[in-house]
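Bear in mind the structure is a predicted one, so any value in this text is a computation, not a measurement.
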Amino acid sequence: MPLGLRNKKKRKSKETSKLVESEAPAPAPAAAAAVPAARASRLQFHTQLAHGSPTGRVEGFGSARELYAKIAEAFGIDPAEIMFCTLNTHKADMDKLLGAQIGLEDFIFAHIKGQRKEVEILKTDDVLGLTITDNGTGCAFIKRIKEGSLMDQTKMVCVGDHIQTINGKNVSNRRHYEVAKMLKDLEKGQMFKLELIEPMKAFEKLEPRSKGGTLPEAKISRGRETLRLRTKGPATVEEMPTEVEEKAIKKVDELLETYMGIRDIELAATMVEAGRDKKNPDEFAVALDETLGDFAFPDEFVFDVWGAIGDAKQGRLE
């Protein structure tokens with residue numbers, strides 16, 4: 001490697017919700033472009049359970065974990081029952097997943113755990129063909145199934161399924177990259193067993209073999225402003241990402257899939273933000289260590305991400 005990134009030290013990094021009977025989805029109140037964290041915490045968003053429920057209102061959250069707790073409070077369920085949320089659709093549309101940013105007019109649909117199932121598979125290929133993501137609170141699930149792959153031929157495994165156990169080992173509280181690595185490390189030629197939980201379904205039958213959509217059609221947010229959720233620190237209201245930033249985030253998300261077998265728009269957006277004012281890959285690597293040191297990204301990945309950010313700024317990304 002031209003630069004010694006490997007030598008750099010890695011660092012480890014109530015307000016009540018209300019249920020509104022028979023209320024149609026409606027936009028949350030608009031806000032000014034620069035909104036202090038205290039005001040951002042008072043923004044209200046409308047929400048429903050994706051399989052069917054009255055409409056609730058949630059407010060006073062600054063992270064995905066806090067949001068899930070608020071939704072659970074509104075509907076009287078355990079936060080751990082929420083698998084993931086989608087924006088502006090009750091369908092398990094992987095292109096509409098809630099990430100780091102919520103448009104101020106977005107309507108939130110929470111998908112909760114449904115039917116449990118087990119499947120035994122013979123690993124006949126080094127690559128399973130799964131892309132894993134998570135909801136940020138300990139629920140890893142399948143975001144994409146590669147067409148023609150081993151898992152594509154296993155009809156019980158579907159996009160949206162939460163991976164609960166691998167060979168009897170509970171992975172419910174593991175991050176997506178940990179689950180992806182465990183799947184990758186399974187021995188070729190051996191049988192393995194997955195215990196899965198699919199999202200609860202009600203409004204209409206979901207396509208069981210959905211491969212997950214493609215990101216070019218996905219929008220990171222709606223409208224001119226978004227509520228930016230952060231793992232550390234309070235949520236803030238920001239202008240929606242520029243076209244350059246959206247292209248960079250999309251490319252970094254693709255690199256996460258290539259190198260780590262995961263998709264995570266929130267993580268990609270955090271990485272692009274970390275590189276916003278950096279002058280070289282060394283500075284960028286240090287910034288990543290400070291904010292995302294637990295991931296221990298390989299040097300090759302860091303260089304490719306830095307290159308993607310540069311390509312986006314120079315208009316070289318489609």
### Query
To the nearest 0.5 Å, how far apart are CD1 in Ile77 and CD1 in Ile71?
8.0 Å
### Message
Within this structure, what is the CG-OG1 distance for the pair Leu194 and Thr154, rounded to the nearest 0.5 Å?
### Response
9.0 Å
### Query
If you round to the nearest 0.5 Å, how far is OG1 of Thr165 from CE of Met182?
9.5 Å
### Message
Working to the nearest 0.5 angstrom, can you tell me the gap between Leu97 CG and Asp264 CG?
### Response
10.0 Å
### Task
Output the distance between atom CD1 (Ile262) and atom NZ (Lys181), rounded to the nearest 0.5 Å.
13.5 Å
### Query
Do you reckon Met151 sits in the same ILVMFWY cluster as Ile197, going by side-chain contacts under 4.5 Å, direct or chained?
no
### Summary
One should read off an interatomic distance between Leu43 CG and Phe61 CZ, to the nearest 0.5 angstrom, of 8.0 Å
### Message
Under a 3.5 Å distance rule, please check whether Lys313 uses its side chain to pair with a backbone N or O of Arg276 as donor and acceptor.
### Response
yes
### Task
Evaluate side-chain hydrogen bond (donor to acceptor under 3.5 Å, both in side chains) for Gln48 paired with Ser53, printing each intermediate quantity in order.
CA-CA 6 Å; Gln48 289 180 358; Ser53 75; 5.3 Å; no
### Query
Are Phe107 and Phe109 close enough that their ring centres sit under 6.0 Å apart?
yes
### Task
Could you label the plane-to-plane angle of the Phe297 and Phe295 rings as parallel, tilted or perpendicular, counting under 30° as parallel and over 60° as perpendicular?
parallel
### Query
Using the benzene-type ring in the case of Trp, are the ring centres of Phe141 and His162 under 6.0 Å apart?
no
### Heavy-atom donor-acceptor pair, Asn167 side chain to Lys193 backbone, under 3.5 Å
yes
#### Entry: Verdict with reasoning, Lys250 to Glu246, per salt bridge (charged side-chain N to carboxylate O under 4.0 Å, His left out)
CA-CA 6 Å; Lys250 174 180 173 291; Glu246 284 199 6; over 6 Å; no
